[in-house]
Amino acid sequence: MTNRSALHTTIDLLSRRSYSQQQLLQKLRQKDFQEAEIADAINYAIENAWLNDHNYASSLTRARLARGYGRNYIKQYLQSKGINSDLANQVLADPEWDWYQSLTLCFERKFKQGLPSDRVLKQKCTAYLYRRGFDFELINTLFSELQQQ
């Protein structure tokens, strides 16, 4: 087994996939590096633009949005990946994201037959979309547009 520095381990980890600063910090602590060495390695990665929480959060948001998840779900997901709440809110507030399109995608995948006319089925549909992270206002907007068709 070779004695690797925290910097070499950081470069090795980041060459495989992206991490948040928090995730990388935990990985390096698990490998029993000294705190000062960890801080230096993380700062070096940030200075060289290998580690950027904003870009990482944007990438995760884009991927979850494409899979039909809403704002609330994605915010919790980002926080579980080590993104702080303020940065998550900042990324999610970006006008680039089309929440309505993601909601429509999610709805059409799950409810191919269209909007249920039965009240109980409509409630189940609403609950499903809410669990996927969409807020009631957006869900109601979708339902109103579907009823007008």
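Taking each heavy atom of Ser5 and Phe33 in turn, the nearest pair found is C-CE2, 3.6 Å. Of all the heavy atoms in Arg16 and Asp12, the pair that sits closest is NH2-OD2, 3.1 Å. Contact detail for Leu14 and Leu51: the closest heavy-atom pair is CD2-CD1, 4.3 Å. Scanning both residues, Lys122 and Phe143, for their nearest heavy atoms gives CE-CD2, 3.8 Å. For the residue pair Ser20 and Asp53, the shortest heavy atom distance occurs at CA-OD1, 3.2 Å.
Under a cut-off of 6.0 angstrom, the local environment of CD in Glu137 is sparse, with at most 12 non-hydrogen atoms contributed by other residues, nucleotides or ligands. More than 12 non-hydrogen atoms from other residues, nucleotides or ligands lie less than 6.0 angstrom from CD of Gln123. A 6.0 Å sphere centred on CD of Glu145 holds more than 12 heavy atoms belonging to other residues, nucleotides or ligands. Counting heavy atoms of neighbouring residues, nucleotides and ligands inside a 6.0 Å radius, atom CZ of Arg119 does not exceed 12 of them.
Between the side chain of Ser102 and the backbone N or O of Trp99, no donor-acceptor pair lies under 3.5 Å.
In this structure, Phe107 and Leu146 have side chains that are in contact, with non-hydrogen atoms separated by less than 4.5 Å. In this structure, Cys125 and Leu121 have side chains that are not in contact, with every pair of non-hydrogen atoms separated by 4.5 Å or more. Gln22 places none of its side-chain heavy atoms less than 4.5 Å from the side chain of Lys81.
A centroid separation of 6.0 Å or more is found between the aromatic rings of Tyr56 and Tyr19.
Relative to the ring axis of Tyr73, Arg64 does not place its NZ or CZ within 45° and under 6.0 Å from the centre. Cation-pi geometry between Lys110 and Tyr128 is satisfied (NZ or CZ under 6.0 Å from the ring centre, within 45° of the ring normal).
Residue Leu13 forms a side chain to side chain contact (heavy atoms under 4.5 Å, CB included) with just one option from His8, Lys27, Gln23, and that option is Lys27.
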Take Leu105 and Gln101 through the side-chain contact (heavy atoms from CB on, under 4.5 Å) test and state the conclusion after the steps. CA-CA 6 Å; Leu105 173 73; Gln101 180 182 1; 5.6 Å; no
Test side-chain contact (heavy atoms from CB on, under 4.5 Å) on Asn55 and Ser59 and set out the steps. CA-CA 6 Å; Asn55 290 346; Ser59 175; over 6 Å; no
All N/O donor-acceptor pairs, side-chain side in residues 65-72, below 3.5 Å, sequence neighbours left out:
residue	atom	partner	partner atom	Å
Arg71	NH1	Leu92	O	3.2

Show me the donor-acceptor pairs, under 3.5 Å and distance only, between side chains in residues 36-50 and residues at least two apart or in other chains.
residue	atom	partner	partner atom	Å
Glu37	OE2	Ala6	N	2.9
Asn43	ND2	Ala39	O	3.2
Asn48	ND2	Tyr44	O	2.8

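Glu35 CD to Leu28 CG: the interatomic distance, rounded to the nearest 0.5 Å, is 9.5 Å. A distance of 8.0 Å separates CG in Leu87 from OG in Ser58, rounded to the nearest 0.5 Å. Interatomic distance, CZ of Phe111 versus NZ of Lys124, reported as 10.0 Å (0.5 Å rounding). For the atom pair CG (Leu129) and CG (Leu142), the distance works out to 7.0 Å, reported to the nearest 0.5 Å. The line from OG of Ser80 to NZ of Lys75 is 13.0 Å long, rounded to the nearest 0.5 Å. Expressed to the nearest 0.5 Å, how far CD1 of Ile83 lies from NE2 of His54 amounts to 10.0 Å.
Hydrophobic clustering (side-chain heavy atoms under 4.5 Å, transitive across Ile, Leu, Val, Met, Phe, Trp, Tyr) groups Phe136 together with Leu115. Residue Leu138 is grouped with residue Tyr77 when hydrophobic side chains (ILVMFWY) are merged at heavy-atom distances under 4.5 angstrom, including chains of intermediate members. Hydrophobic clustering, with ILVMFWY side chains joined whenever heavy atoms are under 4.5 angstrom apart, keeps Leu78 apart from Leu25.
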